[in-house]
Amino acid sequence: MDDWLTFAHGLGGPADLPIPPQLAIAGAVAALVVSFTVLALAWRTPRFAPDTGGRPAPAALQRLVDHRAFHVALRGVGIAGLAWFGLAALFGPDLLTNPAFGMFYVWWWVGLVPASVLLGPVWRAISPVRTINSLFARLSGSDPERGMYEYPTRLGYWPAALGLFAFVWLELVYPYSTELGPVRLWVAVYLAAMLLGGALFGSTFFEKADPFEVYSSLCAKLSVWARRDTRLILRSPLSNLATIRPEAGLVAVVSVLFGSTAFDSFRSSLTWINYTDGGPLSISTMNLLALVAFCVGVGVILAVGSAATGVDEGTRRRDLPAMFAHSVVPIIVGYIVAHYLNYLIEVGWDTLVLASDPLGRGSNWLGTGDLGRISWFTYHQTLLASVKVLAVVTGHVLGVIAAHDRAIAVLPKRHQVTGQLPMLLAMVSFTAGGLYLLFAA
Amino acid sequence: MRRIALLASALTLAATLVGCGSEEPSTEPPTDPTTSSTPEETPEETPEETPEPSEPAVQEIKIVFEGGEAPSVERVQVGVGERFVLVVTSDEPGELHVHSDPEHTLAYGAGTTRLPLTIGRPGVVEVERHEPAALVLQLEVR
């Protein structure tokens with residue numbers, strides 16, 4: 001493994017093969033057909049009421065997740081993860097064989113999505129910044145939920161959107177993203193900002209401003225797990241999704257998440273590489289501009305698509321994008337599955353192998369150091385491509401249904417069908433664009 | 001509820017169709033070495049003085065660095081586990097990094113150098129020049 005070189009190159013060597021064109025076209029057609037089927041045939045009264053539905057989880061499960069030991073164990077997992085990362089990042093070698101990179105870019109950023117979709121708001125449960133914040137509060141004899149000030153409602157999710165952008169900038173634009181220094185600095189700034197915010201505004205800050213908690217909790221709305229008052233309930237992912245509250249900055253968060261993943265596909269396309277090469281601006285400046293353009297583009301398409309409809313007197317048109325932003329979450333998750341599935345399995349597993357030797361001394365502390373590698377999907381590229389298209393189309397369908405239900409809840413009767421059309425077109429453009437990038441990149 | 005079931009079945013059907021449609025391309029042989037040679041710009045100043053005229057079917061991929069300038073990036077298909085040759089023409093010696101798994105570092109000299117290579121895992125593999133750093137080639141290994 002000595003030949004894993006650090007050279008202006010991301011983690012994990014070869015990329016997946018592009019999906020075959022006929023598969024991309026089949027996926028886009030399926031998305032289009034299903035969209036209009038939903039519009040034409042689906043229900044006409046809203047179904048996904050946030051406050052009803054779902055059934056209580058088994059009592060034993062409720063007792064387990066409410067048990068103090070369970071909480072402490074999860075907090076322990078988070079702290080141990082941070083400590084292990086810190087060990088590797090501070091004392092390990094500055095090589096791609098250092099597991100800190102995989103823990104940071106693969107486990108944390110990519111792994112968070114499936115973990116949250118399957119298990120619920122994972123980061124909230126293990127977040128080391130929450131743990132440290134509550135330890136501080138306990139030491140100073142105050143309440144960790146409350147800070148010195150009220151968290152300003154106006155800020156909403158904007159700090160999280162900024163944090164998410166900072167992450168994708170480091171990963172996708174910054175040329176030295178696979179050197180230890182920048183990764184250490186990023187994490188240090190993140191920890192400092194979170195602990196400061198926690199001290200100022202209490203735990204509400206993490207809910208709104210911790211980029212990873214916001215990301216994880218949004219994805220968790222696609223899980224079957226929810227809480228009503230204190231009861232743990234099982235409910236359909238679609239009605240769970242409808243409980244995402246339209247707050248300031250929500251549109252920005254989904255725009256950064258979707259725009260950056262799309263940009264990640266786009267930046268390795270030949271067209272872009274040859275366009276940036278030899279231009280007057282450096283490659284990283286061009287990449288930064290393109291990343292911003294992708295995020296803003298997603299936001300504009302979402303804003304126009306959701307607001308281009310007639311509204312009642314009581315509804316402000318500029319509130320509509322946030323009301324519909326939740327319906328982009330399944331599209332994001334579907335596309336992330338498509339984009340990262342093989343990467344998560346292969347590089348995520350490699351990271352587990354490397355994690356056994358955080359200091360690069362040939363040790364095997366976790367006993368995972370001599371496990372083999374998983375490259376099954378790499379040798380089954382056709383199946384991989386099918387799974388990707390299926391994920392994208394499934395995400396699209398869930399998104400369209402979520403948007404439909406929201407449209408009949410908030411739009412006036414006479415605009416309920418025509419008013420949905422622009423949003424439908426916006427979603428079809430996201431899905432077709434995503435499929436095109438999977439095919440062309 | 002019935003409508004959801006209807007949608008679900010429509011989706012399953014679409015998915016099945018998608019799945020079936022995709023089986024075809026994998027069954028046909030992805031690359032045949034006879035059509036695969038993809039020469040780019042012909043090296044003007046250096047006429048090819050390659051030493052051996054043997055092995056006619058091996059795919060050759062030409063890379064020309066003119067005055068230190070890298071050519072525009074192209075994507076070339078090669079077969080999994082099939083031998084091919086990178087034919088590098090350059091004024092100065094240098095090094096190519098092939099970001100396959102495992103990676104390869106290939107040194108070339110001034111003039112024309114033939115670098116034989118085989119890649120065993122499917123995927124898109126980037127080939128970069130070291131110092132001055134430039135992406136040179138994308139190999140679509142299938």
Side-chain angles (χ1 to χ4, degrees), chain A residues 1-5 7-10 12-23 25-27 29-31 33-34 37-38 41-43 47 96 175 236 238 268-270 273-275 277-278 283 342 346 350 373 375 378-387 389-390 393-394 397 401 441, chain B residues 1-4 6-8 10-28 30 69-77 80 95 97-105 119-131 133-142:
Chain A
M1 286 210 259
D2 294 331
D3 47 7
W4 285 18
L5 300 155
F7 173 62
H9 204 271
D16 296 339
L17 287 174
I19 63 173
Q22 57 271 55
L23 207 53
I25 292 168
V29 170
V33 169
V34 173
T37 313
V38 170
L41 297 181
W43 50 90
R47 281 175 177 239
L96 275 184
S236 100
L238 277 169
S268 59
S269 70
L270 279 187
I273 289 169
N274 284 326
Y275 180 73
D277 186 42
I283 292 177
N342 193 23
E346 286 206 2
D350 286 349
R373 305 182 66 190
S375 42
T378 295
Y379 291 102
H380 295 83
Q381 295 270 349
T382 312
L383 179 68
L384 178 62
S386 308
V387 173
V389 173
L390 201 60
V393 173
T394 307
V397 171
I401 296 176
Chain B
M1 213 57 224
R2 197 173 303 152
R3 281 194 178 127
I4 298 184
L6 191 73
L7 269 180
L11 193 65
T12 321
L13 184 70
T16 323
L17 289 176
V18 163
C20 295
S22 67
E23 290 308 319
E24 286 163 54
S26 70
T27 52
E28 48 186 87
E69 286 289 305
S72 73
V73 182
E74 302 211 12
R75 184 174 284 194
V76 181
Q77 288 203 5
V80 176
E95 217 173 62
H97 284 175
V98 182
H99 288 276
S100 52
D101 188 359
E103 299 199 338
H104 298 280
T105 303
I119 298 177
R121 285 164 60 103
V124 178
V125 170
E126 304 204 316
V127 179
E128 288 173 314
R129 182 182 63 180
H130 211 187
E131 288 174 50
L135 182 63
V136 178
L137 192 66
Q138 287 182 337
L139 295 167
E140 201 170 298
V141 188
R142 54 166 78 225

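Note that the structure is a prediction, hence the values are computed from the model and not measured. In the text below, chain A, chain B and the rest are named by the order of the sequence lines, each starting its count at 1.
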**Request:** Would you give the length of the straight line joining atom CG of Asp101(B) to atom CZ of Arg373(A), rounded to the nearest 0.5 angstrom?
**Result:**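 The CZ atom of Arg373(A) is 4.0 Å from CG of Asp101(B), to the nearest 0.5 Å.
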
**Item:** Pairwise distance CZ(Arg121(B)) to OG1(Thr378(A)) - rounded to 0.5 angstrom
**Value:**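 The CZ atom of Arg121(B) sits 4.5 Å away from the OG1 atom of Thr378(A).
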
**Asked** Where on Asn274(A) is there a heavy atom nearer than 4.5 Å to chain B: the side chain, the backbone, both, or neither?
**Response**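 It is the side chain, since no backbone atom gets that close.
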
**Item:** Pairing residues for Ser236(A) by the side chain to side chain donor-acceptor pair (under 3.5 Å) criterion, not counting sequence neighbours
**Value:**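 Counting only residues at least two positions away or on another chain, Ser236(A) forms a side chain to side chain donor-acceptor pair (under 3.5 Å) with Ser239(A).
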
**Asked** chain A heavy atoms under 4.5 Å from Val98(B): which part of the residue, side chain, backbone, both or neither?
**Response**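 Neither part, no heavy atoms under 4.5 Å.
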
**Request:** Please list, chain by chain and in numerical order, all residues satisfying side chain to side chain contact (heavy atoms under 4.5 Å, CB included) with Ser268(A), sequence neighbours excluded.
**Result:**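 With neighbours one apart ignored, the set is Ala441(A).
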
**Prompt:** So which of Ile273(A), Ile283(A), Asn342(A) has the largest heavy-atom pair count under 4.5 angstrom toward chain B?
**Reply:**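 Of the options given, most contacts go to Ile273(A).
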
**Request:** Taking the side chain as every heavy atom from C-beta outward, state whether Ser72(B) and Asp277(A) have any atom pair closer than 4.5 Å.
**Result:**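 No; the side chains remain at least 4.5 Å from each other.
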
**Asked** Should the heavy atoms of other residues, nucleotides or ligands under 6.0 Å from OH of Tyr379(A) be counted, would the total exceed 12?
**Response**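 Enclosed.
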
